[in-house]
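Encoded as structure tokens, the structure appears first; notes follow it.
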Amino acid sequence: MIRTHKISQISVDTVNSDVTLGGWVNVIRHLGKLSFVELRDASGVIQLSFISEVTGNEAMNLVSELNPEAVIIVNGIVRLRPTPKNRNQTESALEIEVSTLEIVNNSESLPFEVVTDSPVQESLKIKHRWLYLRRARMQRNIELRSRAFQAIRQWFVSREFLEIETPILFKETFGGAREFIVPTRNHPGKFYVLRQSPQQLKQILMVGGFERYFQICKLFHDSYPRSRRQMEFTALDIEVAFATEADIMNLVEKMFKDIVTTVEPEFSVNQSNPVITYHESLTRFGTTAPDLRFAIELSEINIDKLSLPGFFEIESDPNVYLIRIPKRVAETCKDLALKSLLNGDFKEIARFSTDSASNEYKSADSFFNLFDSEWRCYLTEIQERDLVLMVTGKRDIINKAVAASRKEVAKNIDLKQWKHDWMFLWIIDQPLFKQDVASGKWKSRHQSFTAPKSVEEVFETEPDFERILGREYALVCNGQEMGGGSVRIHNADLQKQMFRLEGLNDSEIEYYFGQLLHALRSGAPPHAGATFSLDALVRMLAGESNISEIIAFPKLGNGIDPLTGAPTSINQRTLDAFHIENSAEDHNL
RNA sequence: GGAGUCGUAGUUCAGUUGGUUAGAACGCCAGCCUGUCACGUUGGAGGUCGCGGGUUCGAGCCCCGUCGGCUCCGCCA
């Protein structure tokens, strides 16, 4: 052992004992013949004192050579500080009176500071990753990530789930994301692909008799990265045999609740997840990933003519809408929300709030009491102090204004202030197919294995693609898509029909999905499952807006890794072994 | 591929209607300082203003092009 203690183990019990510590130089303060050095290891920070009367000459000379972020090993005596630091109580009232100092590795001048949390260009953060990882923020985030993964594994294992690995090297599939291809020397001209999902194999596991499967796994998409997305990302994959939508939704709901509160006990999760349909989410919130913490909501009132003496009159325009601004937004950033909202080319008729203290608005109670009770359903769950606007105008213009308002609020409020609140919801009844803009062809919105709500519909000779809904459920939290899943098809004929609807002929179906269809014909149980982005979960737990802050070694937004320079070209001699010719003009070898 | 935005010291940024020698903070180097703790203090080094072209007596600033970063859309859970 090089060290006798971790820094966190230095306590009042260790006063006057001889200790050897090792770590990084945090901060150096020279005061003439007296020097202080803050030493940092993974467990904490402690002050080292270099005093000429006590410290050896050698160490006194060496300390002047120290640079920040050097690695040192010191031996000395634990002492109570004569003037303990009282400004920051997390710092110890103890220090080490150094007798010997060894500079294991001094440090060059730094491209950015480690001790602060000041902003740094993304490419620098990655190029000098070893430095950026030393920052307290990254130490915290990576530790949090590890704890979250650990908690998830425990949660599932304790419920009789097995974590089963499935191969990363897979076969080309049809649909979904673009895949990375992997050549092999053993089979010239042939390729594996990096899995974009363990979907087919986990279904085969169900057929194979493993009824409760989960896996924390890396998935790969050859698509463009974003601030919340990398080309390779980590997912939680689940599949359960003899399960229905409700089984999976209940399981997942409880799991997220437990994980969030286990990992960050001060966070609060909504008691039960609202379930709304895809269509309802679009019409009410203008998005399929609403943030219920500030869900500025739009709903239409279908009336021809409305006249309420004392309040307002609507003459000819039948397009009347209510916009609800939740109390939280109304209270913290009302002006912000209203300003961007009222930019739109529509007319505000009236404004209500149940805030009786304010004379600015008419009371919602007095307003709604004028109506039949069924009017209230136009706005779900109106709460005390919500602000409600009644407007008239073109739907798409109002929609735009509401979207702009949501965006403005999301951008400007201090989300960290609200990050403790987790508002989950389920989105169900998504159409299974979407039309490709370029080709006009219908293809699966997600993957082709989801059971349709109505089997008859998909066997019609002229199926109405837009109306075919899936037995799907997507989980959304605070405006972030967490993932989702579905009840899978366990009947080979139905599965084959779904592939046909996507335009595949029989030989293509056999080529891409023969293995799955064969398995389904061999005693497949009904099953359902889900996949969730653990990067999204950890990002939210850490309160970060960019995913690269919760990944040890991320890539840039263009897919380049400044740390290693990947991707690079490969020399032709190597490529020859794969029988691959590089037709790109840009060779960097 | 499209839109927006940015590119100035090691880092983060400021830089007015185009005007003389391009600034600040932090960091770095040197001196002084025996209880600092974001130490203080005195001094110093450090810039092809992303790159190329243009307009102008004169460009960090205006115009055109180009490269790169970030965000968003397309793509993608």
Side-chain angles (χ1 to χ4, degrees), chain A residues 26-39 45-55 60 64 67-69 79-93 95 97 107-128 131-132 175-179 196-197 199 219-237 288-289 407 411 427 430 434 436-438 443-447 472 474-476 480-486 530-537 545-546 548 556-558 560 562:
Chain A
N26 211 40
V27 176
I28 304 165
R29 293 183 282 270
H30 292 300
L31 284 78
K33 295 186 182 67
L34 179 68
S35 292
F36 298 102
V37 173
E38 281 180 15
L39 180 71
V45 176
I46 196 162
Q47 174 165 287
L48 312 175
S49 64
F50 293 77
I51 310 163
S52 49
E53 289 85 5
V54 193
T55 307
M60 287 307 288
S64 62
N67 293 326
E69 297 306 318
R79 301 285 192 208
L80 281 166
R81 287 196 194 184
T83 52
K85 182 178 179 179
N86 53 15
R87 204 197 272 176
N88 185 350
Q89 296 199 334
T90 60
E91 301 279 314
S92 170
E95 65 179 8
E97 213 171 72
S107 168
E108 301 172 352
S109 70
L110 307 170
F112 52 82
E113 292 161 60
V114 170
V115 176
T116 70
D117 194 33
S118 56
V120 183
Q121 213 176 62
E122 190 67 18
S123 58
L124 279 180
K125 289 180 184 176
I126 302 176
K127 185 170 184 186
H128 304 271
L131 277 184
Y132 194 67
R178 287 177 296 203
E179 292 164 328
Q196 49 170 311
S197 157
Q199 183 63 36
L219 307 181
F220 305 87
H221 287 185
D222 187 15
S223 58
Y224 295 98
R226 285 281 169 76
S227 65
R228 295 184 176 189
R229 191 174 75 211
Q230 292 262 319
M231 293 180 300
E232 60 179 295
F233 55 97
T234 307
L236 167 63
D237 201 42
T288 53
K407 211 175 241 176
K411 199 171 67 186
I427 306 278
Q430 266 198 75
K434 65 175 179 184
D436 188 72
V437 183
K443 60 175 196 173
S444 270
R445 185 175 295 274
H446 299 318
Q447 24 88 338
E472 274 188 295
L475 187 66
V476 171
Q480 163 82 47
E481 290 173 349
M482 308 300 294
S486 64
T531 306
F532 299 96
S533 164
L534 291 186
D535 294 318
L537 176 67
S545 58
N546 198 308
S548 65
L556 280 181
N558 56 12
I560 287 171

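In what follows, every chain begins at residue 1, and chains take the letters A, B, ... in the order their sequences are listed.
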Under 3.5 Å donor-acceptor, A:Q196 side chain and A:A177 backbone |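 It does hold such a pair.
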Check every strand shown and say whether [X] touches a base, only sugar-phosphate, or nothing at a heavy-atom separation below 4.0 Å.
X: A:G484; result: nothing
X: A:V115; result: nothing
X: A:T531; result: nothing
X: A:Q447; result: nothing
X: A:N67; result: sugar-phosphate
X: A:I51; result: base
X: A:Q430; result: base

Per [X] side chain, nearest of listed nucleotides [options]:
X: A:K434; options: B:C29, B:C28, B:C76; answer: B:C76
X: A:S223; options: B:C76, B:U36, B:U34; answer: B:C76
X: A:F36; options: B:U34, B:G35, B:C28; answer: B:G35
X: A:A177; options: B:C76, B:G35, B:U34; answer: B:C76

Nucleotide B:U41, atom P - distance to CG of A:L34 in whole Å |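 After rounding, the reported distance stands at 18 Å.
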Where are the stems of RNA chain B, defined as at least 3 consecutive Watson-Crick or wobble G-U pairs with both distances under 3.5 Å?
->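 RNA chain B forms these stems: B:1-7 with B:67-73, B:10-13 with B:23-26, B:28-32 with B:40-44, B:50-54 with B:62-66.
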Which residues pass the salt bridge (Lys or Arg N to Asp or Glu O under 4.0 Å) test with [X], not counting sequence neighbours?
X: A:E97; answer: A:R79
X: A:R178; answer: none
X: A:E113; answer: none

Is any side-chain N or O of A:K443 closer than 4.0 Å to OP1 or OP2 of B:C75?
->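 Indeed not, no polar side-chain atom of A:K443 lies that close.
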Test side chain to side chain contact (heavy atoms under 4.5 Å, CB included) on A:T288 and A:E481 and set out the steps.
-> CA-CA 9 Å; A:T288 53; A:E481 290 173 349; 4.0 Å; yes
Distance between the [atom1] atoms of [N] and [M], in whole angstroms?
N: B:G47; M: B:U5; atom1: P; value: 32 Å
N: B:C57; M: B:U20; atom1: C1'; value: 14 Å
N: B:G60; M: B:G44; atom1: P; value: 26 Å

Polar atoms only, N or O, under 3.5 Å: list the protein pairs with nucleotides 71-74 of chain B and their distances.
from  : atom 1 : to     : atom 2 : distance (Å)
B:U71 : OP1    : A:N546 : ND2    : 3.0
B:C72 : OP1    : A:S227 : OG     : 3.1
B:C72 : OP2    : A:S227 : OG     : 3.3
B:C73 : OP2    : A:R226 : NH1    : 2.8
B:C73 : N4     : A:R226 : NH2    : 3.1
B:G74 : N7     : A:R226 : NH2    : 3.0
B:G74 : O6     : A:R226 : NH2    : 3.1

With [X], which residues qualify under side chain to side chain contact (heavy atoms under 4.5 Å, CB included), at least two apart?
X: A:I28; answer: A:V25, A:H30, A:V37, A:L66, A:P68
X: A:S533; answer: A:D535, A:A536
X: A:S197; answer: A:Q199

For nucleotides 22-24 of chain B, tabulate all protein N/O to nucleotide N/O atom pairs closer than 3.5 Å, reporting atom names and distance.
none

With the side chain counted from C-beta on, respond yes when A:H221 and A:F233 share a heavy-atom pair under 4.5 Å apart, and no when they do not.
->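 Yes, their side chains come closer than 4.5 Å.
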Do A:F532 and A:L475 have side chains that get closer than 4.5 Å, going by heavy atoms?
->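 A side-chain contact exists here, since the closest heavy-atom pair is under 4.5 Å.
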Side chain to side chain donor-acceptor pair (under 3.5 Å) involving A:R445 - partner list, sequence neighbours excluded =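 For A:R445, the residues satisfying side chain to side chain donor-acceptor pair (under 3.5 Å) (neighbours in sequence not counted) are A:Y278.
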Test side chain to side chain donor-acceptor pair (under 3.5 Å) applied to A:S223 - qualifying residues, sequence neighbours left out |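 Counting only residues at least two positions away or on another chain, A:S223 forms no side chain to side chain donor-acceptor pair (under 3.5 Å).
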Pairwise N/O distances under 3.5 Å, protein to nucleotides 5-12 of chain B:
from  : atom 1 : to     : atom 2 : distance (Å)
B:G10 : O2'    : A:P111 : O      : 3.2
B:U11 : O4'    : A:P111 : O      : 3.3
B:U12 : OP1    : A:Q121 : N      : 2.8

Test for a donor-acceptor pair under 3.5 Å between the base of B:U34 and the side chain of A:S52, counting only N and O atoms.
->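 Counting by modelled atom types and ignoring angles, a donor-acceptor contact under 3.5 Å is found here.
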